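Scroll down for the structure; my scribbles are underneath it.
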Amino acid sequence: QVQLVESGGGLVQPGASLRLSCAASGFTFSRYSMSWYRQAPGKQRVLVASITSTGGSPYYIASVKGRFTISRDNAKNMVYLQMNSLKAEDTAVYYCKNEAGSWGQGTQVTVSS
């Protein structure tokens with residue numbers, strides 16, 4: 001069955017960097033666009049970034065543009081989210097999602113001094 005497993009979250013100070021990873025299995029990864037979402041406490045889950053099946057046309061929400069980079073490795077069935085210059089408002093649970101609508105379990109990112 002489809003599995004998406006996120007990792008790489010943690011507690012960091014403002015200005016730090018983290019790289020999230022999402023390991024995919026159970027579907028033909030290279031045929032699907034992939035996305036990262038996040039859900040802050042008490043708020044709705046929102047799209048953060050997405051990438052096409054071939055790794056082109058990355059999309060970012062305005063608040064992370066220039067700080068976050070989405071990438072993928074189709075040979076390894078992995079999608080990544082490099083997060084630089086983290087801010088307190090980036091604190092959320094980050095989820096990986098495939099184009100077919102499958103979700104991972106999420107990984108917590110906390111940015112706090």
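Since the model is a prediction, treat every value here as computed from it, not as a measurement. Each residue takes its place number in the sequence, starting with 1.
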Hey, what's the ring geometry for Tyr95 with Trp103, parallel, tilted or perpendicular (30° and 60° as the breaks)? perpendicular
Please answer whether the main-chain N or O of Gly9 pairs with a side-chain N or O of Thr107 as donor and acceptor at a distance below 3.5 Å. yes
Evaluate the side-chain proximity of Glu6 to Gln105: yes if any heavy-atom separation is below 4.5 Å, no if none is. yes
Please assess Val79 against Cys96 for the test side-chain contact (heavy atoms from CB on, under 4.5 Å), listing each intermediate value before the final yes or no. CA-CA 8 Å; Val79 61; Cys96 175; 3.7 Å; yes
Mark yes or no: Arg19 above the aromatic ring of Tyr80, with NZ or CZ under 6.0 Å from the six-membered ring centre and no more than 45 degrees from the axis. yes
Is there side-chain contact between Leu47 and Trp36, with heavy atoms separated by less than 4.5 Å? no
Closest non-hydrogen atom pair between Pro14 and Ser113, with its separation: CD-N, 3.7 Å
Of all heavy-atom pairs between Ser17 and Ser85, which one has the smallest distance, and what is that distance? OG-N, 4.3 Å
So Leu4 and Met34, do their side chains get closer than 4.5 Å, heavy atoms only? yes
If we only count heavy atoms from C-beta on, is the Lys97 to Ser102 side-chain gap below 4.5 Å? no
Could you go through Val12 and Thr110, starting from their C-alpha distance and side-chain angles, then the distance that decides it, and tell me whether this counts as side-chain contact (heavy atoms from CB on, under 4.5 Å)? CA-CA 6 Å; Val12 297; Thr110 303; over 6 Å; no
Between CD1 of Ile51 and OH of Tyr59, what distance do you get to the nearest 0.5 Å? 14.5 Å
Check whether any side-chain heavy atom of Ser112 sits under 4.5 Å from a side-chain heavy atom of Thr91, and report yes or no. no
Contact between Met83 and Val64 at the side-chain level, heavy atoms closer than 4.5 Å - yes or no? no
Could you check whether any side-chain heavy atom of Arg67 comes within less than 4.5 Å of a side-chain heavy atom of Tyr60, counting everything from C-beta outward? no
Atom pairs and distances, donor-acceptor, side-chain atoms in residues 20-33, under 3.5 Å, two or more places apart:
unit_1, atom_1, unit_2, atom_2, d
Ser33, OG, Glu99, OE1, 3.3

What's the verdict on side-chain contact (heavy atoms from CB on, under 4.5 Å) for Arg38 and Val46, showing C-alpha distance, side-chain angles and the deciding distance? CA-CA 6 Å; Arg38 68 186 180 188; Val46 297; 4.1 Å; yes
Main-chain N/O of Thr52 paired to Arg72 side chain as donor or acceptor, under 3.5 Å: yes
Tyr94 and Leu81, any side-chain heavy atoms less than 4.5 Å apart: yes
Any sub-3.5 Å donor-acceptor pair from Asp90's side-chain atoms to Val109's backbone N or O? no
Evaluate the criterion side-chain contact (heavy atoms from CB on, under 4.5 Å) for residue pair Asn84 and Phe68; output intermediate values, then yes/no. CA-CA 6 Å; Asn84 299 330; Phe68 290 13; over 6 Å; no
